[in-house]
Amino acid sequence: MGELGIALVGVGPRGLSVLERLLIRLRGSDDEVTIWAFDAFGHCGGRVWRADQPPWFTANTTAGESTLRSPDGHLPAGRFGSVAGWGGLAAGAYPARRHYGQYLAEVFATLCATAPPNVRVRPVAAEVTRLVRTAGGLCLVAGGAAYRADKAVLATGHSAAELDETRLACRRHAEDHGIPYIPPGLATEMPLDDLPPGAGVAVRGFGLTFYDVMRAVTLGRGGRFAPSRDGLRYVPSGAEPRLLVLSRGGLPFLARPAVPAFPAPPVRLRVVTEERLRALRAAALAATGTPQLDFARLVEPLIQFEADLACSTGAAQPLAGLARPFGRRWFATPEAYRACLARLLRDDARRALEGCAGGTVKAATEMLRVIRPLLPLVVDFGGLLPDSHRDFLTRFVPQSFVLSAGPPAAHVEQLAALLDAGIVRPVGPGATLTPDAGGFAVSSPQVGGSRRVAVALVDAMAPARDLARDTSPLLRQLLADGMISEFVNVDAATGTRFATGGLAVTRSPYRVVDALGRADPDIHALGVATGHTRWFTEVGTGRPGQDSPFCRDADAVAAALLHRP
């Protein structure tokens, strides 16, 4: 056979994992293979994990539970078995993102250096802007040069989206009044230096991007946190803006609890099991003629039951109530709301440091992380009824992330200290933002006297996945040419449709689906672009010594890339 050309479009964690699996499968093979490794951000972890970002941006997974080494991999286990071992970190530490990027860069360099002699890995530090089919296979354009390949995998990761009408109106208003507007994106790429010291800055979103912004304009401007008798205290530099934070529930992402040394499970599942979920689908098919499920009616009660069992102290509440604790509660003044929130956050950080032992409420919320690998059985490829799928993404997911996708306890303690220092001034539950002659007016219907005018706006709320608005030149070209398509969830019985915004792919090995519904035999896709078609595709790490969906996905794609009919 002739030489096989493979294009990896994106060499962040997903693309890097595919590269590792390709090299594992090519050990002992005589096939001549060239692997083109394209990445616009160099080969140091991709856009999210790039090694040149400041140290205050941290990973959301501990060093002891993160790895790019497959259990059967050829990378030295002593060196690459976990980020903790590689970097000399405590297993429970949350590494800086650049630290993980440096780990990924060394993994890439080692894979290139140890590839079999018949395999050539060719790094290309440029963005792929075009991919077309030719008589000779696939032609990719990157950095103004053309490259030939037989097969390709799209592991493009996070990209930007065109602003929707609401955000466009905000940008126009900001431009008209000469004030900063920072659209959604990664905090590492936001022009946060444009925010003037001492000014009121509206920040839309109270999730992980908010925590990044918070640390960038405090630690990144010379502020520091110091211990005190009453807990952590913030010592300002004087260069900080004042962050007026807006969110639906008025509650930031809560702290992830300290967990046992990996791989000991922090919570044991007893109700939400693979067998039970498969039984639900079989029962739905028998009763309704469709295997699609109603998540709120059939699955969510099981998750709540699991939370009740995990929380043996009896402190469990409905998960929705934990994520929205203020409900319709009224606060007479902003100070009353701020004080209440600061107390709640300090209690949350304390519980997080205590961990899940003893069946605390943190055991109930950590359960939401433990069930993540099972939810694809329910959600992926239209496993839910269309309206239920929309409800899952717009209601259940945001609420569950408040409880289970948060930062380490130290960051929540820092937020409480910033509340006390008046640097962070959350507006309140149900906060709204409207254009004002002086900038943007913010207020909460549940907090008396909450109206303030901000002279800048940071959009720290991640937009929903929407393939049609993706600004990636490559994805736009592929979509316009009909080589890829959006996944639309359809109820065959009623014709109800839900356009998910995700890139349509087949089941494993995740071949892209074109505009006519045909699976492309030579192009595969993994990761963020396939979000809403598949569940929780943002994951960027394997698990040390364990098989995992992250590793299995990469291996399935690698096998398909090497297959020759």
Side-chain angles (χ1 to χ4, degrees), residues 56-66 89-97 187 205-215 218-219 225 227 230-234 243 245 247 249-262 265-267 307 310-311 313 315-317 319-326 338-372 397-421 423-424 426 460:
W56 46 80
F57 297 121
T58 60
N60 201 36
T61 305
T62 63
E65 58 186 344
S66 303
L89 301 174
Y94 289 82
R97 281 181 215 154
F206 225 170
L208 292 177
T209 302
F210 160 76
Y211 279 99
D212 285 346
V213 171
M214 174 192 89
R215 286 165 59 83
T218 53
L219 295 173
F225 294 93
D230 299 323
L232 204 61
R233 178 174 62 90
Y234 182 67
L243 304 183
V245 192
S247 69
L251 184 72
F253 278 23
L254 299 178
R256 187 189 175 192
V259 296
F262 187 82
V267 177
C311 191
T313 62
Q317 306 169 29
L319 292 172
L322 290 174
R324 299 287 186 263
F326 303 121
R338 182 210 60 77
C340 176
L341 181 59
R343 287 193 301 272
L344 186 154
L345 293 179
R346 286 199 166 91
D347 286 345
D348 180 70
R350 175 183 53 79
R351 292 191 185 100
L353 291 171
E354 293 170 354
C356 300
T360 66
V361 70
K362 282 297 180 182
T365 58
E366 184 67 6
M367 175 274 304
L368 291 169
R369 289 176 64 95
V370 176
I371 67 169
R372 282 181 189 168
V397 169
Q399 290 184 8
S400 69
F401 278 10
V402 167
L403 300 177
S404 66
H411 295 190
V412 173
E413 288 184 292
Q414 290 172 359
L415 173 54
L418 290 168
L419 288 170
D420 289 344
I423 303 297
V424 176

Quick check: closest heavy atoms across [X] and [Y], and the distance to 0.1 Å?
X: P252; Y: V402; result: O-CG1, 3.7 Å
X: D348; Y: A255; result: OD2-N, 2.8 Å
X: V245; Y: G205; result: CG1-O, 3.5 Å
X: P227; Y: L232; result: N-CD1, 4.2 Å
X: A460; Y: T209; result: O-CB, 3.5 Å
X: G92; Y: T62; result: O-CG2, 3.7 Å

*R97/D212 salt bridge by N-O under 4.0 Å criterion*: yes
Can you name the ring pair (Phe, Tyr, Trp, His ring centres under 6.0 Å) partners of [X], sequence neighbours left out?
X: Y211; answer: none
X: F326; answer: F331, Y337
X: Y234; answer: F225

*Less than 4.5 Å apart, any side-chain heavy atom of L254 and any of T365?*
no
_Does any part of the side chain of L243, heavy atoms only, come nearer than 4.5 Å to the side chain of F210, both counted from C-beta?_
yes
Counterpart residues, side chain to side chain contact (heavy atoms under 4.5 Å, CB included), relative to [X] (two or more places apart):
X: A363; result: V267, A310, C356
X: S247; result: F206
X: A342; result: R338, R346, L419, D420
X: P325; result: L251, L344

*Would you confirm whether K362, through its side chain, and C311, through its main-chain N or O, come within 3.5 Å as a donor-acceptor pair?*
no
*Has the side chain of S400 got a donor or acceptor atom that lies under 3.5 Å from a matching backbone atom of V397?*
yes
*What residues, two or more places apart in sequence or in another chain, satisfy side chain to side chain donor-acceptor pair (under 3.5 Å) together with R350?*
E354
*Listed partners of R256 passing side chain to side chain donor-acceptor pair (under 3.5 Å), at least two apart*: E65, E366
*Inter-residue atom distance L89.CG - Y94.OH, 0.5 Å rounding*: 13.0 Å
*OG-CE distance between S404 and M367, expressed to the nearest 0.5 angstrom*: 8.5 Å
Hey, can you pull the donor-acceptor pairs under 3.5 Å for the side chains in residues 405-416, sequence neighbours left out?
{"from": "H411", "atom 1": "NE2", "to": "R215", "atom 2": "NH1", "distance (Å)": "3.3"}
{"from": "Q414", "atom 1": "OE1", "to": "R215", "atom 2": "NH1", "distance (Å)": "2.7"}

*Chi angles and distances behind the side chain to side chain contact (heavy atoms under 4.5 Å, CB included) call for L319, L368*: CA-CA 10 Å; L319 292 172; L368 291 169; 4.1 Å; yes
